[in-house]
Amino acid sequence: MLVRNRLFTLLSSSVSLSPSPKQCPFTLSFKVNFSRSIRNPKPGPNPRSHVTTTTASKTTKQSQPMSDTARFVRTVLFLPPGVDPDEVTEDMILPGSNIVAGPYAGHSQIKEAEFVKSSGRAKDCPKDDRPEFAIVGRSNVGKSSLINALVRKKEIALTSKKPGKTQLINHFLVNKSWYIVDLPGYGFAKAPDAARMDWFSFTKGYFLNRETLVGVLLLIDASVPPQKIDLDCANWLGRNNIPMTFVFTKCDKMKVAKGRRPDENIRSFQELIRENYPQHPPWIMTSSVTGLGRDELLLHMSQLRNYWDQ
Ligand SMILES: Nc1nc2c(ncn2[C@@H]2O[C@H](COP(=O)(O)OP(=O)(O)OP(=O)(O)O)[C@@H](O)[C@H]2O)c(=O)[nH]1
Ligand SMILES: [Mg+2]
C-alpha cells in the first residue's frame, strides 16, 4: 500500500499540460503492447524465466483476481521478470525511477570499457553474440555524455555543444561481455525534413535486424517540455515492439527556459505516455553532470541483460 501511496502522489501531482492532453498534437493513435518488454531472451534453464513477465496476460496467475495494489503497481511500475506485483515493496523501486529491482539484478559495475568500432550500416556492426543497449535520442540530448558518465571515462564517446557530433553506429565493449551503442541523434533542429527522415532510414535496419539488441535507452531532455519528435520516436519503437527505457537527461538543470523545471517536464511527458501505454515503460532520471541515476540505470541494465543471457 505504501508503494501505491507514493506513486499516486507522484502521478496525481502532475502539472497541467499545455496544451491539455486531449488537445495535444502528440497524442498517439494506438496502444502499444509492451509484452516484449525484454527482447529475445534466450530460452534457458532458469525455472522462473517463464513464470512472470511484465505482462499480466502471460503469468500463471491469470485466473486469480488481482488486488487493487497489484493492478496499480502493474500499470505504473516497470516489473522485471521474476517479480510478483503483490510482493513489491517501496524499497524495491530504484530511486528517481519507476523501475523495480528484481531477482535478475546483479553485478552492475563497469570495470573496463573500450571503443570497438564505428559502423556506417547495421550489417557492418560487430557480429558476435554479446547483448547490447542502444542509446537513442535527439541531437544534443546528452547521449555521448551519458555513455561517458556510465563508463566513467571523460572522452570515450565524443561530446559536443554542436548537435550532430555522432554520425555513425559506435560500439563500446563493456567488461568484455556486453555493448553500449551510441547512435546518431535525430531531429537536428537546423536539418531540413528530408535529412531528418534519413535518421529513420539509417537506423531502421539496425533496430529491426539487430538480434542482440536487449533494449533501447531513449533519452529525453528533462530541461525542455515534451517534444513531438521524441514521442514520435517512442511511438515508432513501441509499434515495432522494441523494448525501451525512457532516460531523462539533464535533470540537474534547474534554470531552464520557459520556467519549467525538469520534474515538471518529466511529469508532462509521463502524462502523455500514460495516456497511450497500457503499462508504463521503465523510466529513470539522470544527470551526466552530477551522476544522478547512474548506478540505478546500470542496475536496471544488469537485470535486463542477465535475463536476456539466461
Ligand atoms: N547540464 C547538463 N548538460 C549536459 C548533460 N548531458 C549532456 N550535457 C551537455 O549537452 C551537450 C550535448 O551533449 P552530447 O553528449 O554531445 O549530446 P549527444 O546527444 O551525444 O549529441 P549528438 O552526438 O550531436 O547527437 C554538451 O554540451 C553536454 O555537455 C547533463 O546531464 N546536464
Ligand atoms: Mg553524441
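Atoms within each ligand, like the ligands themselves, are counted from 1 in listed order. For the numbers below, each heavy atom of this structure counts, side chains included, while hydrogens, waters and symmetry mates do not.
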Report yes if some heavy atom in the side chain of Arg239 is under 4.5 Å from a heavy atom in the side chain of Asn235; otherwise report no. yes

Contact between Ile110 and Arg152 at the side-chain level, heavy atoms closer than 4.5 Å - yes or no? no

Is there a donor-acceptor pair under 3.5 Å between the side chain of Gln303 and the backbone N or O of Val100? yes

I'd like to know whether NZ of Lys127 has more than 12 heavy-atom contacts from other residues, nucleotides or ligands below 6.0 angstrom. yes

Looking at Trp178, is Arg130 sitting on its ring face, NZ or CZ under 6.0 Å from the six-membered ring centre and within 45 degrees of the normal? no

For Phe246 together with Phe269, are the ring centres under 6.0 Å from each other? yes

Counting each atom of ligand 1 from 1 as listed, which ones have a heavy atom of Gly185 under 4.0 Å away? 25 (O)

Mode of Asp252 contact toward ligand 1 - side chain, backbone, both, neither (heavy atoms, under 4.0 Å): side chain

Atoms of ligand 1 close to Val289 [distance to a heavy atom under 4.0 angstrom, numbered from 1]: 1 (N), 2 (C), 30 (C), 31 (O), 32 (N)

Below 3.5 angstrom, do we get any N/O pair linking Pro184 and ligand 1? no

With heavy atoms and a 4.0 Å threshold, my read on which part of Lys143 contacts ligand 1 is both

Nearest heavy atom to atom 6 (N) of ligand 1: which of Ser139, Ser145, Ala149, Gly291 does it belong to? Ser145

Suppose we only count N/O/S atoms under 2.8 Å; would Ser144 qualify as near the Mg ion (ligand 2)? yes

Verify, without hydrogens or angle tests, whether Asp252 (side chain) and Thr290 (backbone) share a donor-acceptor contact under 3.5 angstrom. no

Are any of the N/O atoms on Thr286, whether in the backbone or the side chain, positioned under 3.5 angstrom from an N/O atom of ligand 1? no

Give the atom numbers and elements of ligand 1 that come within less than 4.0 Å of a heavy atom of Lys253. 1 (N)

Please determine whether any non-hydrogen atom of Asn140 lies less than 4.0 Å from an atom of ligand 1. yes

Run the ring-centre check on Phe78 versus His300 and record whether the distance is less than 6.0 Å. yes

Should Val141 be counted as touching ligand 1, given the test is an N or O pair under 3.5 Å? yes

Are any of the heavy atoms in Ser287 under 4.0 Å away from ligand 1? yes

